[in-house]
2 protein chains.
Amino acid sequence: MSNEAHSPRRRRGSEQPTLKEVAEAAGVSAITASRALNHPDQVNERTRARVLEAVERLGYVPNLVAGSLASARSRFIAVIVPSLANTVFIEVIQGLQETFEAQGYQILLGNTDYDTEREYQLVRTFLGWSCSALVTAGLRHSQACRTLLANWDKPIMEVMELGEALDLNVGLDHTEAGRCMARHLLERGHRRVLFVGARLASDYRAGMRYAGHREVLEQAGLAAPLIELDHGGLDAGAAGLARALENHGDVSAIHFANDDLATGALLHAQRLGIRVPHELAIAGFNGLPIGQHITPRLTTIRSPRQHMGQLAASEVIRRLEGKRIQRLQHDVGFELLIGEST
Amino acid sequence: MSNEAHSPRRRRGSEQPTLKEVAEAAGVSAITASRALNHPDQVNERTRARVLEAVERLGYVPNLVAGSLASARSRFIAVIVPSLANTVFIEVIQGLQETFEAQGYQILLGNTDYDTEREYQLVRTFLGWSCSALVTAGLRHSQACRTLLANWDKPIMEVMELGEALDLNVGLDHTEAGRCMARHLLERGHRRVLFVGARLASDYRAGMRYAGHREVLEQAGLAAPLIELDHGGLDAGAAGLARALENHGDVSAIHFANDDLATGALLHAQRLGIRVPHELAIAGFNGLPIGQHITPRLTTIRSPRQHMGQLAASEVIRRLEGKRIQRLQHDVGFELLIGEST
DNA sequence: GTGAAAGCGCTAACAG
DNA sequence: CTGTTAGCGCTTTCAC
């Protein structure tokens, strides 16, 4: 039986059984075996048991590639972030992952390194995998990428920030966050406030926070000087503090673009014997745990990053399941955490 | 032309052009178009230009699913880690990602939540995607998982720890790392040394470090008391310190299972006015940046995590390219970083 | 509830 | 260097 003279192609290296073989072993047709596995309710219970037994006995592992080709859909979700080195994206990914995995979706992770051309390439690749949806960090894309996505009929979710989105959008208002912290510093009586960030062209959301910060200061008739560092991290924060003291010795507060910089600066200030906040106030953004463990505790803004991922995933899943989406856009907000560093 | 009376199936939702259509537009056969894209050197330069032009004009995006089915290989690399909440795994993933992506491989990320049954399910799924290789964190797997992998003929790379591996192995010796830190503490004159870890059954590599620690202490005729916390993080470190002071008030040093715990404890000690290391020495493991920014700097052990990922990926790629692998196992080692906390 | 036939879009194998 | 043919393993469609 089934003994062809020539078998022109048998690539499946090892003797991986196919669905057809499982079906034969169970005495049913391939399609019934398929249904037994994927739509159990469409198959007689006893038939299903026979199929499952055969699956077990033969050690069958479904070929998902073939399934995807035939059905023109994979259960892949493309997730594109600019960096894995930044906790912020990791936490969003965590939220996405737990929610999607629980529904049987598999994440396909891409890293653009803050390069929109790279993003475009990743999107192309991911479309080629018949992804069920795309989640990407941010609203800025190359024109080619926009064109490609405009012709794509699956859910597109842009996370992190809020604005004019391609489709779905879950995020927070970074400009407003910048304003919020600037207002806090003004309330604390600071009049000479410096903003220190890193690579604001790439980390343009930090740039938006600076814009908000600047707006508030200028409305109060104050200058909004900026120091832009060429990389981030704790070391950079310490270096930023040093530069600030050198070039802006008269500032009474520094608004850092994120908690890594702010924490690095705060710990460096301790080493230098600068008393925070009396001699210098320090503020950050993100609400990382470390900021709440150092003394003085860091004044910062906490964003619900994991929740952002969960919400984004839930909304995408709703759409995939054909449920009505009430709003295309969700503002997850933020929270000013006032520590003793300001 | 090519106008069939009935088109039984056209799933590709939008009008995504196929390779065949590109080929027609370029006046070549499908296989030539395929070669022009995937094996440019096998095709006449002018033919290739025509194909590329047609690709551009039609906005063709290759269907990778179909390609994988036909060739029985995807360029997927399955990567399985127990958690995304732990920096350690993220850094390894980063190393893997940059190296694999540079060679055109796509990572398929799975998270087991420290559950070997979940790992088994992930492995099954990933095998179904015709992954080119599997990278997994750790050497411990369920029996079902081992059986499944034993019949798989693609490269398997186990990272993080060293030991009897399924195939390739890149990691470090955690028991030795535990010994190393214990010896350091003994050298510093400590005789009452406590080990504090979290969920050692899940984080069994921390358990191995404790085993090494204990071995050294017992050889010196000392006890090796242990406090096991039910979760990790900075908060837990602070709580661990509190528990230590309460139940082991006479200890002169605490060896924490990782830097998160150690940092949380160290910062908490500062708040309590406990002078480190004079009244209490504190040591960690991982060599996270934060430990080198706090005062006193944390004594810890640094492991080359990103390098571990890069090396693991390189070795897998060598194998995939058919090159000879010189050694199946690589010890990436570790480095004792002596701060002022001990 | 089950099956037969057709084909998803691409590439391997050969032939020229 | 290019083309023809025959599938990869599965699911859709439609019939029973």
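Proteins come first, then strands; the chains are lettered A, B, ... in the order of their sequence lines, and each starts at number 1.
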- Item | Main-chain N/O of A/Asp115 paired with A/Asp113 side-chain donor or acceptor, under 3.5 Å |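 No; zero donor-acceptor contacts below 3.5 Å.
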- Message: Keeping A/Asn169 on the side-chain end and A/Gly163 on the backbone end, is there a donor-acceptor pair under 3.5 Å?
- Response: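 Flag set: sc A/Asn169 to bb A/Gly163 pair under 3.5 Å.
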Which nucleotide in the set [options] lies at the smallest distance from any side-chain heavy atom of [X]?
X       : options               : value
A/Leu19 : C/dG3, D/dC10, C/dT11 : D/dC10
B/Thr18 : D/dC10, C/dG3, C/dC10 : C/dC10
A/Ala70 : D/dG3, C/dG7, D/dC8   : C/dG7
A/Val43 : C/dA12, C/dT2, D/dC8  : C/dT2

- Query: Between A/His307, A/Met160, A/Met308, which is the residue that forms a side-chain contact (heavy atoms from CB on, under 4.5 Å) with A/Val170?
  - Reply: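 When A/His307, A/Met160, A/Met308 are each tested with A/Val170, the side-chain contact (heavy atoms from CB on, under 4.5 Å) holds only for A/Met308.
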- By nearest nucleotide on DNA chain D, pick out whichever of B/Arg35 and A/Ala66 is the more 5' one.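 Per heavy-atom nearest nucleotide, the more 5' residue is B/Arg35.
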- Message: I want to confirm an ordering. Mapping B/Ala30 and A/Ser34 to their closest nucleotides on DNA chain D, which one lands closer to the 5' end?
- Response: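 Its nearest nucleotide being more 5', the pick is B/Ala30.
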- Message: Any carboxylate oxygen within less than 4.0 angstrom of a Lys/Arg side-chain nitrogen, looking at A/Glu101 and B/Arg118?
- Response: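 A salt bridge is present here (some side-chain N lies under 4.0 Å from a carboxylate O).
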Taking 4.0 Å as the cut-off, does a side-chain nitrogen or oxygen of [X] come that near to OP1 or OP2 on [N]?
X       : N      : answer
B/Arg73 : C/dC10 : no
A/Ser29 : C/dA4  : no
A/Ser71 : D/dT11 : no
B/Thr32 : D/dG3  : yes

Let me know the distance between [atom1] of [X] and [atom2] of [N], rounded to the nearest Å.
X        : N      : atom1 : atom2 : result
B/Gln42  : C/dT11 : CD    : P     : 12 Å
B/Asn44  : D/dG3  : CG    : C1'   : 15 Å
A/Glu45  : C/dT2  : CD    : C1'   : 17 Å
A/Lys20  : C/dA4  : NZ    : P     : 12 Å
B/Ile31  : C/dC10 : CD1   : P     : 11 Å
B/Leu37  : C/dT11 : CG    : P     : 8 Å
B/Asn38  : C/dA12 : CG    : P     : 8 Å
A/Trp129 : C/dC10 : CH2   : C1'   : 12 Å

- Heavy-atom side-chain contact between A/Gln16 and A/Tyr60 under 4.5 Å: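 Side-chain contact under 4.5 Å: no.
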- Is A/Thr32 close to A/Thr47 at the side-chain level, that is, under 4.5 Å between some pair of heavy atoms?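 They are in side-chain contact.
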- Message: Taking any heavy-atom pair under 4.0 Å as a contact, classify A/Val65: base, sugar-phosphate, or nothing.
- Response: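 Answer is nothing: A/Val65 stays at 4.0 Å or more from every strand.
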- Message: Categorize B/Ser68 for me: base, sugar-phosphate, or nothing, with a 4.0 angstrom heavy-atom threshold over every strand shown.
- Response: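 Here B/Ser68 touches no strand at all.
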- Less than 3.5 Å between a donor and an acceptor, one on the side chain of A/Arg46 and one on the base of C/dG1, is that the case here?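 It does not, because no donor-acceptor pair links the side chain of A/Arg46 to the base of C/dG1 below 3.5 Å.
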- Query: Does A/Arg48 get its side chain close enough to the base of C/dG1, under 3.5 Å, for a donor-acceptor pair?
  - Reply: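 Checked by distance alone, the answer is no.
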